[in-house]
Chemist: 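One structure coming up, written as structure tokens, with questions to follow.
Convention: sequence-line order gives letters A, B, ...; per-chain numbering from 1.
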2 protein chains.
Amino acid sequence: MVQTAPTLQDVARVANVSTATVSRCLNTPALVGEETRRKVMAAVTDLGYSPNFRARALVSGRSHTIGAIIPTMENAIFARGIQAFQEELADHGFTLLIASSSYREDVEEGQIRHLVSRGAEALLLIGHHRDPVNYRFLERQGIPALVAWVYDPDQPQMSIGFDNQSAMTGLAREVIAMGHRRIAAISAPRAANDRARNRIVGICDAMEEAGLDPATLDIVEAPYGIETGAEAFATLMTREPRPTVVMCGNDVLAAGALRQATQMGLRVPGDISITGFDDLELATLVEPQLTTVHVPHREMGRRAARVLVAQLDGGAADASIELQTRLCLRGSLAPPPDGDGGALGG
Amino acid sequence: MVQTAPTLQDVARVANVSTATVSRCLNTPALVGEETRRKVMAAVTDLGYSPNFRARALVSGRSHTIGAIIPTMENAIFARGIQAFQEELADHGFTLLIASSSYREDVEEGQIRHLVSRGAEALLLIGHHRDPVNYRFLERQGIPALVAWVYDPDQPQMSIGFDNQSAMTGLAREVIAMGHRRIAAISAPRAANDRARNRIVGICDAMEEAGLDPATLDIVEAPYGIETGAEAFATLMTREPRPTVVMCGNDVLAAGALRQATQMGLRVPGDISITGFDDLELATLVEPQLTTVHVPHREMGRRAARVLVAQLDGGAADASIELQTRLCLRGSLAPPPDGDGGALGG
DNA sequence: CGGCTTAATGTAAGCGCTTGCATTGAGGAC
DNA sequence: GTCCTCAATGCAAGCGCTTACATTAAGCCG
């Protein structure tokens, strides 16, 4: 009943040669005589033989499998990057082993060990923030790890991504240039998320630069989601005096904020401006369209795959790669209401 | 330099026991003396030992890995389902091997073989449409396959999902009840996609039921995407007489159609109604909100995982599972403009 | 106190494949 | 004819792990 798949041995027996010859026939046909090759190939076809990758992986020490641990695939920015990552990996003959941490540090730690023991030859990780013990573990196991979605040459780990901090500074400069002075932010929880942290720091940088006191930046943290973004926005609207602009840590939070604003009867950008980050498709679907920062997720995924494959194949290059973001100025950002905005520090 | 990971042997040497004892200590600790266990565990921690999955898989004949082949993770409905699938799998000690077909049949065929030879013990596939040779291959290899995102008890393959056809019929009934007679549809390419196909058939069913001629259903096919949805919508608006409602095969196409409508100066639903399918988050973010069909993607993913794991562990249940969809009537659907809509078939 | 059971551990045989080395035989060079 | 080379093939040693079976040392019985 349980049909065991034919093995190299079976093929060898049928073709009346040794297993070594069959193996060579499949991997280095040049070393095998023509006559023999034909015989072996016939047996292979005949038996419907397909090599057992587990055995091959064991003996060659290579699994041609790369692991990725992301917070969740439900976040479009990860889905997009991982999709490109997987495609590029496939082009190089690698397979993707995937796990998700749900943004939980302890879960991620388990996943790292799990994927490694499952034979992942290299790992794609999101963000630098992580107990150093994990990096030590990976090093000891000889598993290259690439940190993505961030770029930070100061970190010992190789990374590919963009500078969250300066990208947000760029956006905040625009906001300030428009005349906004009372700035609020909705951020993803920052405790275990250096991306979120750096984006906030980016806003502070721009404020300082413009002579505003970063301490006046009103920050509310909200987990990823439309609803949570909406709630956070509602909270911010109770502040006295009310901010004239709400800068969100990502487009999804911004979309939630936008919906809440509409629901509260506030006009965007007439009464209040809102900005996002990531430039997801939904940024151009909402009304008004979201001012945001475009991030090259696909390219990041693609290049991350290349870096890891190169590392595995040649032990090559290991310099971090910085990708450029691009400001997308759209309808959701405009100058603050008449004469308002400078009331605070100005 | 290339630090080889510690092996069972290394642990055994350090703990001064045999490899068998170490193995037992890790797998069946009850069989090992307390003192010894402590010694071994210390060595394990000390060396940062992590079992070599390839060897374990080879000898046990089990990889505890399940493969999934989806069109693309960029489509939120798949990302969402797969996320739940992966989480549930992890809870049962299985790992997810993932591949994407980009909606291409030939690519998918390659992926099936690839994942199997990579040690996937079971496969999650999307939709029934597929060369039967693939099902035969899987059967011969003894790999259970679960077809998801559809439910069709008439197919030999086990499936978990919903009835695309009747779900769409339900929506179309509402549309017709509102007074629409000139109906158009934007569908994903149907050639290799039974889901898309069945949704169109569902519309036809409702038309027939209402005494409308299904041949008058104006169908334009468009690949997944906002832009393509917008283009398809523009095409439909050139028809004479113009449809009073455009039913889209999914929310993303609908969002594109909606944007295009706005751009063309058409009021939705005043001048024209638009419907979607899936009930993605974006359905409630656009203005007006999208009338659509809610699909329990997460539940589907979760249950798919359970079915496969049960099958692998116990060779259990193999009945297809039908999940229920739910109509979401929202702002984008309303009766056709005054006196319009019945002009065609009377 | 000899023989039995039992718990704890070791021994070693593979799992299916690759690959370094040995073997064989034929063709050339001298 | 002898020796060497070289292409074609076989032999057998693992890769790191699990596990059936063997071994050892107690612990217990009568």
Chemist: Between Glu88(A) and Arg303(A), is any pair of side-chain heavy atoms under 4.5 Å apart?
Modeler: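 No, too far: nothing below the 4.5 Å cut-off.
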Chemist: Please report, rounded to the nearest Å, how far the C1' atom of dG14(D) is from the CG atom of Leu58(A).
Modeler: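 Computing the Leu58(A):CG to dG14(D):C1' distance gives 9 Å.
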Chemist: Drop me the distance from Leu323(B)'s CG to Tyr151(B)'s OH, to the nearest 0.5 angstrom.
Modeler: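 Between atom CG of Leu323(B) and atom OH of Tyr151(B) there are 10.5 Å.
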Chemist: Just how far, in rounded Å, is C1' of dT9(C) from NZ of Lys39(B)?
Modeler: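 That distance rounds to 10 Å.
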Chemist: Near DNA chain D, counting only heavy atoms under 4.0 Å, which residues of residues 19-37 of chain B show up?
Modeler: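 Hits under 4.0 Å, by residue number: Ala20(B), Ser23(B), Arg24(B), Asn27(B).
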Chemist: Distance check needed: dG10(C) P versus Arg13(B) CZ, whole Å only.
Modeler: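 Checked: the CZ to P distance equals 14 Å.
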Chemist: Rounded to whole Å, please give me the gap between CG in Asn52(A) and C1' in dG14(C).
Modeler: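 Taking CG of Asn52(A) and C1' of dG14(C), I get 14 Å after rounding.
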Chemist: Without decimals, in angstroms, what is the distance between Leu8(A) CG and dT19(C) P?
Modeler: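 In whole Å, dT19(C) P lies 12 Å from Leu8(A) CG.
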Chemist: Would you give the length of the straight line joining atom CZ of Phe53(A) to atom OG of Ser60(A), rounded to the nearest 0.5 angstrom?
Modeler: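 Those atoms lie 9.5 Å apart.
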Chemist: For a quick test of reading the model: is some side-chain N or O of Ser18(A) closer than 4.0 Å to OP1 or OP2 of dG10(D)?
Modeler: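 So the side-chain polar atoms of Ser18(A) do come within 4.0 Å of the phosphate oxygens OP1 or OP2 of dG10(D), strictly under.
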Chemist: Determine, using ring centers only, whether Phe78(B) and Trp149(B) are less than 6.0 Å apart.
Modeler: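 Judged by ring-centre distance (under 6.0 Å), Trp149(B) and Phe78(B) do meet the cut-off.
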Chemist: Which one of Ser23(A), Pro29(A), Cys25(A) satisfies the side chain to side chain contact (heavy atoms under 4.5 Å, CB included) criterion with Asn27(A)?
Modeler: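 When side chain to side chain contact (heavy atoms under 4.5 Å, CB included) is applied between Asn27(A) and each of Ser23(A), Pro29(A), Cys25(A), only Ser23(A) qualifies.
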Chemist: What is the distance from CZ of Arg56(A) to C1' of dG16(D), rounded to the nearest Å?
Modeler: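 Roughly 19 Å, once rounded to whole Å.
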Chemist: With a 4.0 Å cut-off on heavy atoms, is Phe53(B) in touch with a base, just the backbone sugar-phosphate, or nothing at all?
Modeler: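 Contact class for Phe53(B): none.
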Chemist: Parallel, tilted or perpendicular for Phe94(A) and His64(A), by the 30°/60° rule?
Modeler: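 Tilted.
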Chemist: How many Å lie between CD on Gln9(B) and P on dT11(C), as a whole number?
Modeler: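 Interatomic distance, CD of Gln9(B) to P of dT11(C): 12 Å.
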Chemist: Looking at Arg54(B), I'd like to know whether one of its side-chain N or O atoms comes within less than 4.0 Å of OP1 or OP2 on dG16(D).
Modeler: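 For Arg54(B), the contact criterion (side-chain N or O under 4.0 Å from OP1 or OP2 of dG16(D)) is not met.
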